[in-house]
Amino acid sequence: MNAPPVRTRYAPSPTGVPHIGNIRTAVFDYLLARHFGGQFVLRLEDTDRTRLVPDSVEKISESLRWLGLDYDEGPDIGGPYGPYVQSERLDLYRAAADRMIAQGDAYECWCSSERLDAVRAEQTRLKQPPKYDRRCREPAGQAEARTEAEAAGRTCVVRFKTPLSGEVTLHDAIYGDSTFDLATIDDFVMLKSDGFPTYHLAYIVDDEAMRITHVLRGNEWISSAPRHLLIYQALGYEVPVIAHLPLILGADGSKLSKRHGATSVFEYRDQGFLPDAVFNFLGLMGWSLDDKTEIISREQFIEHFTLDRVVKNPAIFNVEKLTWMNGVYIREMPAERLTDIFVARLDADLPPTIARPIDRDVIARVTPLIRERVKLLSEVASYCEFFLTDALTYSREDLLGKRFASGPEAARSVIERANAELEALPDWTHDAIEAALRALGDEVHGEDAAVKTGDVFSLIRVAITGSKVSPPLFESMEIVGRERCTERLRAAGERLAA
RNA sequence: GGCGCCAUCGUCUAGGGGCCUAGGACGCCGCCCUUUCAAGGCGGAGAUCGCGGGUUCGAAUCCCGCUGGCGCUACCA
């Protein structure tokens, strides 16, 4: 007997840019499907018309694509079980609701929202659990409510007729078994008065129709699971594997939100995180390969990902670790690809005063110099700018540093001597530059013991790169070129004379 | 209020009764390397495994209670 192919789905509501916690669920969905050689589908749960945000669909698919979470079926690419948008599947939900009414598992409720609010308010006041009072569950109450509603031009909702007693057990692939007392469960709404289903009905009908075998979702859904179990049962569906995932929290331990900083993958992309690093990091939020592996390739993830290594406790999103991981990915990336990424980033980040197109040949030579230093792509511009422009902006204080602070004249003389050495160099290589400058440094140190070789290097570094912190000086000078270097030194000298 | 879930270094985690005087990673500190900054190497601080009871020869690991955190309690998902 063959088991059906594993099919998972990521089913977000189009209410804006997907949240990073939500995306982690998508990562797990993707991984599980790929691990078992099954399909990963994208479905849009747009049943709440009041919360629809235009362009969400694009944001969702762009988020998934950026992370390389390619889905096999979805709203924009179709598939054998479409449509993949719930608002286009209304008949299915209606039919399911009608069937449950006919079977006696559901009923129409004509109560007004005003009445419902009043009932709840009163229950809250009496410190009772707020629940629908089941007026329409009884024929008499329903008839009465219906008359009122029709007079007011209102229509009805469909509620599930929850058994008054008994219990139901959720078998969760991650959390294990939990038993719920049906007496605590409300007669919840499945079909709203506008004809749209609620999440509870919609996802179950769709998962069945789309042959979904594994339901992965955030653990805030655990308390709703008993309702779902009731619906599966009423509809005669086989219950899929249900796996609730631990939540991702912000640094303060509360649910991740805007005030915790970046919550969408776009913000991470813009800050200069690589998709592979974010993927790796997210894959490790609640799952681990073993007791030591941190850097995991996509192939390894797919090979090893299973639900039994998912933890139950919530995870706090730790950007520092993500940042470290991003540095690892940058360092391990092939040089050619990294250069392309740097060039694209520079094109986006550098001011328009710097000529376009960005000189790829130059950046290709710079890449090995800075790849060990870059953790975020957003840092690349400051490392590269001086290679691409001669308009340096540094302060006199930075140029002089500590040692030359009281002796600008001495600094100027060092610069002039350096320039003379550099101009006389037979070969413009970083080794030759270093030899010459080191000799000069030693010489200066001999003349004035207070000045170290490093001080000379620092002086030249600021003159050439415009900063006290830069890629390796001699290699940088080699790339900048002799003429531009001597010109920059001359400019620095003039600056000190002024 | 009701129902439910969770609980190991600051953070992500390993751990499934003796291998745990609790391992790894990020971050932090120190040293080495070094032209700056990184990267790298070495070392260190950091968890009486939330607390209290059991069970057992033996518990981070099993059971119960408590506490704390979180979630749900809508014609939102």
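- Nucleic acid contact class of C111(A) (heavy atoms, under 4.0 Å, all strands): base.
- Aromatic rings from F301(A) and F305(A) are positioned such that their centres are separated by 6.0 Å or more.
- Comparing P129(A) and K468(A) against RNA chain B, the residue whose closest nucleotide sits nearer the 5' end is P129(A).
- G43(B) and C37(B): their C1' atoms are spaced 23 Å apart (whole Å).
- Heavy atoms of P472(A) sit under 4.0 angstrom from at least one base atom.
- The six-membered or imidazole ring of F317(A) lies near that of Y268(A), with a centre-to-centre distance under 6.0 Å.
- For the P atom pair drawn from G10(B) and G16(B), the interatomic distance equals 23 Å after rounding to whole Å.
- C26(B) sits 23 Å from C20(B) when the C1' atoms are compared, rounded to a whole Å.
- Comparing C33(B) with C42(B), their C1' atoms sit 11 Å apart, to the nearest whole Å.
- Across all strands shown, C37(B) has no partner, as no Watson-Crick or G-U wobble contact with both distances under 3.5 Å is found.
- In the 5' to 3' direction, nucleotides of RNA chain B lying under 4.0 Å from heavy atoms of chain A begin and end at G1(B) to A77(B).
- As judged by a 4.0 angstrom heavy-atom cut-off over every strand, Q86(A) is placed among residues making no nucleic acid contact.
- Figure legend. G16(B) is base-paired to no nucleotide; pairs are counted as Watson-Crick or G-U wobble with both atom distances under 3.5 Å.
- Between the C1' atoms of A38(B) and A47(B), the separation comes to 31 Å (whole Å).
- R154(A) comes within contact range of no nucleotide atom at all, as no heavy-atom separation falls under 4.0 Å.
- Side-chain contact, D308(A) with T306(A): a donor N or O sits under 3.5 Å from an acceptor N or O.
- Applying the Watson-Crick and G-U wobble criteria (two distances, each under 3.5 Å), C72(B) pairs with G2(B).
- If you check every strand for non-hydrogen atoms under 4.0 Å, S458(A) touches nothing.
- Residue-level contact check: P226(A) touches neither bases nor backbone, having no heavy atom under 4.0 Å from any strand.
- Under the side chain to side chain donor-acceptor pair (under 3.5 Å) test applied with Y93(A), the options D98(A), T47(A), D206(A) reduce to a single match, D206(A).
- Using the six-membered ring where Trp is involved, H228(A) and H200(A) have ring planes that are tilted, between 30° and 60° apart.
- If you check every strand for non-hydrogen atoms under 4.0 Å, E294(A) touches a base.
- With no hydrogens or angles considered, no side-chain donor-acceptor pair links T184(A) and D181(A) at under 3.5 Å.
- Within the nucleic acid shown, T47(A) comes within 4.0 Å of sugar-phosphate atoms alone, with no base atom in reach, counting heavy atoms only.
- The pair R120(A)-D117(A) meets the salt-bridge criterion, with a side-chain N (NZ, NE, NH1 or NH2) lying under 4.0 Å from an Asp/Glu carboxylate O.
- When both pairing distances are held under 3.5 Å, U67(B) makes a Watson-Crick or G-U pair with A7(B).
- Atom name C1', nucleotides A7(B) and C57(B): the rounded distance is 29 Å, in whole Å.
- A salt bridge does not link R115(A) to E148(A): none of the charged nitrogens lies less than 4.0 Å from a carboxylate oxygen.
- Residue contacts shown for I316(A) are limited to sugar-phosphate atoms, with no base heavy atom under 4.0 Å away.
- Across the strands present, G43(B) finds its partner in C29(B); the criterion is a Watson-Crick or G-U wobble pair with both atom distances under 3.5 angstrom.
- Nucleic acid contact class of F180(A) (heavy atoms, under 4.0 Å, all strands): sugar-phosphate only.
- Between R217(A) and E45(A) there is no salt bridge, since none of the side-chain N atoms of the basic residue sits less than 4.0 Å from a carboxylate O of the acidic one.
- The 5' end of RNA chain B is approached more closely, in terms of each residue's nearest nucleotide, by E220(A) than by the other of E220(A) and C109(A).
- Using a 4.0 Å heavy-atom distance criterion, V311(A) is classed as a sugar-phosphate-only contact.
- Comparing the C1' positions of G46(B) and C6(B) gives a spacing of 24 Å, expressed to the nearest Å.
- Residue P314(A) is classed as a sugar-phosphate contact, given heavy-atom separations below 4.0 Å to backbone atoms only.
- Within the nucleic acid shown, K192(A) comes within 4.0 Å of at least one base atom, counting heavy atoms only.
- If you check C62(B) for Watson-Crick or wobble pairing at under 3.5 angstrom, you find it paired to G54(B).
- Residue S178(A) is in sugar-phosphate contact alone, with no base atom involved, counting any heavy-atom pair closer than 4.0 Å across all strands shown.
- One P atom belongs to U8(B), the other to A45(B), and the distance between them is 22 Å to the nearest Å.
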